Amino acid sequence: MKTIKGFIGIAISLLLGSCAAEKEQITPVPFNEVTLTDGFWKNRMETEINVTVPFSVEQSETAVKRFRQAAAYMAGDTTQLPEPHRFISSDLYKVMEGVAYSLMLHPNDILEQFMDSTIQLIGAAQEDDGYLYISHSCGNPNVEEMGEKPYSYVLHSHELYNVGHLYEAAVAYFQATGKKNFLDIAQKSARHVNRVFFEGGDPKYNNGKPVMQAPGHEEIELALCKLYRVTGDTLYLHMAKRFLDIRGVTFHTEGEGVMADTYAQQHAPVKDQTQAVGHAVRAAYLYTAMAQVDALTGKNDYTKALNSIWNDLVTTRMHITGGLGAVAGMEGFGAQYELPNLTAYNETCAAVGNVFFNHSMFLESGEGKFLDIAELSLFNNALAGINLNGDRFFYVNPLEANGILRFNHGHGGRSKWFGCACCPPNISRLILQVPGYMYSYSKENIYLTLYGGSITKIPMKGTNVELIQESNYPFDGNVKLTVKPDKDVKFGLKLRVPTWANKNEFAPGGLYPYKKVKEENIILKINGKEQTYHIEKGFVSVNRTWKSGDEVILTLPMPVRMVECVPQVKENIGRTAIVRGPLVYCAEQIDNNGPVQRLYLNGSDEQAATVHYVPDGILKGIPQIHLDNQITLVPYYAWCNRGDNSSMLVWLRNEKPSKDEMAYEMAYVQNIKEIKVSSGISKEHEICD
Ligand code: FUB
Ligand code: ZN
């Protein structure tokens, strides 16, 4: 296992000198330095490595073939031109990124050969000056979607989106193997992009003038941050910042839908933006990059904008599952409080982006509330995007299904893959990185950010601190930590206390309050003795000199809780969601003897509930909730694992519906069936399943 350790801190101080000193620099422990020992994530990781990663490689053959054809074309064989597609290459790059992570955890010669041979094809398809985009290089672009020439339609061509994903994959492969083959291609591309976008001079591109336009689909910005971290070359960080700073400044568009300025978050300079607008995946990647650039530069250039956007998201535009982008058609944000259940879009990629964004916000600020949202999105919307067997996927993640509806990305059942397959490799690469979300550290503190059975070693004040964590989180809230420094050392141990455990609401932001005031106490014990504690920025902090063998026990009570929604969200009036810990639950037809839309609760703020761990079958080991009125619930992430076309519901009726209400509901469902996803979305999207 080869990793580049410590380069982040060094590179940051070299680049920025003293201006970074004021902020607490929080460094995540890389995922391959955290060993999963038991429980939830260990199981998921095994499925990833044994099933999802090899399966995704198989599914990528069409994308690899295009590179094979492009490489042949570049070598003079023009007999078979690769079919134009704006971003299928990016799906392959994400698959490759996932393969790289899996290689770090589990070496595999066949997968490494796949990587090397594909990298060779990619290199052969790259032009000598670094340009990399098959359709233009092979001279058969779909002009309407890609423009006539390279970078002539940056708004929708996805040229920079593709290479952004390439940079991420290349960084991962370098970290996994130490090989530079992919990283060289990435750097050649990045230097080319810098010349063409910010320097000019080559008449082949934009008549020699710098393009100076931010890409319509963000991604390259956050990827450049990664390239900077791994190489230490400040050019890439400067490029990331420049792309952020020209967005909404040098280029505007007029129109509606995918042609609206807001669609690609270019309606205003990013530092002045205040609300989450437009296409949700684009937005999430943009906000991630803004947080990362601020963290890397030690500045607060985007802090005001990010805090405002984050508040707008969590108070008005996020589903209880952590889903972003409620509106189908434009795959994005609707009006404030527009959070439908049956027609919610909530693309898997947007939830993945929400995790990236909020984890980056935590690293930038040290505030636990961001991890609460990252966790919510991870355990609910993001994980629902992949089945428990690891080989079937959801593109959209509504909070209700009636077994009939089928939008263009389908929620009548899970799909094997998609014509536009952005989501499967996105959730796959996220799961592979989850151990990297568990621990972080700064000069004075060690942070436990996501709980789960694991072991790691963290450098602290000239010694190493081994941490052994035992926990069945998120299925129960007991965390036992054994601290083993090589020698006694004083530092602050910060244990995250999520909003769901500490406040009277399920998630920060006020959208989702508990129906009943929380009574259970959080307990902290050190070496068997109960401690008084206070919670600051979402963490319990224990400052002491730690000795080898010290034991910390944190208990986060996990009763079944009932959640309501603010009345501005019309769809949820008179309805309740059931949660336990960070998990949102749903009713599925298979457990409830028929369509779940007919179910209702007992009308009060309390309802007796029992929790049973499923003894066998695909849900084995997962806690199911049984309500006293014969309703059975499973975690939302685990729905649609026992056959397709089942009905499902998160927000249950509080009371028995009247005949009129039922009739209204049926009419509503009939109407919705007629909804077609609006045009303005490209062909690649229409063939999605
Ligand atoms: O445009 C590339 C990807 O396809 C987007 O991120 C997804 O929303 C899907 O539209
Ligand atoms: Zn997607």
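Ligands are counted one by one from 1 in listed order, and the atoms in each one are counted from 1 as well. Note that the numbering runs from 1 along the sequence shown for the chain. The analysis underlying the following values was restricted to heavy atoms, covering all of them including side chains, and did not include hydrogens, waters or symmetry mates. Keep in mind it's a predicted model, so treat the numbers as computed, not measured.
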**Q** To check you understand the geometry: which heavy-atom pair defines the closest contact between R414 and I386, and what is its length?
**A** NH1-C, 3.4 Å
**Q** Could you check F251, Y151, Y205 and say which one makes a ring-ring contact (aromatic ring centres under 6.0 Å, His included) with F197?
**A** Y151
**Q** In this structure, does ligand 1 have an atom that sits under 4.0 Å from one of the heavy atoms of C349?
**A** no
**Q** What atoms of ligand 1 come closer than 4.0 angstrom to any heavy atom of Y395?
**A** 4 (O), 7 (C), 9 (C), 10 (O)
**Q** Using a strict 4.0 Å threshold on nitrogen-to-oxygen distance, state whether K188 and E127 make a salt bridge.
**A** no
**Q** Aromatic ring centroids of F198 and F243 under 6.0 Å?
**A** yes
**Q** Against ligand 1, does Y285 come closer than 4.0 Å with any heavy atom?
**A** no
**Q** Which atoms of ligand 1 are found less than 4.0 Å from any heavy atom of V281?
**A** 6 (O), 8 (O)
**Q** Does even one non-hydrogen atom of H158 get within less than 4.0 Å of ligand 1?
**A** yes
**Q** Would the number of heavy atoms belonging to other residues, nucleotides or ligands and lying under 6.0 Å from CD of E83 be above 12?
**A** no
**Q** Looking at residues at least two apart in the chain, or sitting in another chain, which of them share a side-chain contact (heavy atoms from CB on, under 4.5 Å) with A63?
**A** I88, L92
**Q** Is it the case that more than 12 heavy atoms not belonging to E256 sit under 6.0 Å from its CD atom?
**A** no
**Q** Quick check on ring-ring contact (aromatic ring centres under 6.0 Å, His included): which of H217, H158, H156, H165 does F87 satisfy it with?
**A** H158
**Q** Under 4.0 Å from ligand 1, counting heavy atoms only, is it the side chain of F418, its backbone, both or neither?
**A** neither
**Q** Under 4.0 Å, heavy-atom basis, I'd like to know which part of E347 is in contact with ligand 1: side chain, backbone, both or neither.
**A** side chain
**Q** Would you mind running through ligand 1 and noting each atom that sits below 4.0 Å from a heavy atom of E331?
**A** 8 (O), 9 (C), 10 (O)
**Q** Using the salt bridge (charged side-chain N to carboxylate O under 4.0 Å, His left out) rule, pick out the option among R247, K241, R282 that qualifies with E221.
**A** R247
**Q** Look at E219 together with K94 and state whether they make a salt bridge at an N to O cut-off of under 4.0 Å.
**A** no
**Q** For the Zn ion (ligand 2), which protein N/O/S atoms are closer than 2.8 Å?
**A** E347 OE2, C349 SG, C422 SG, C423 SG
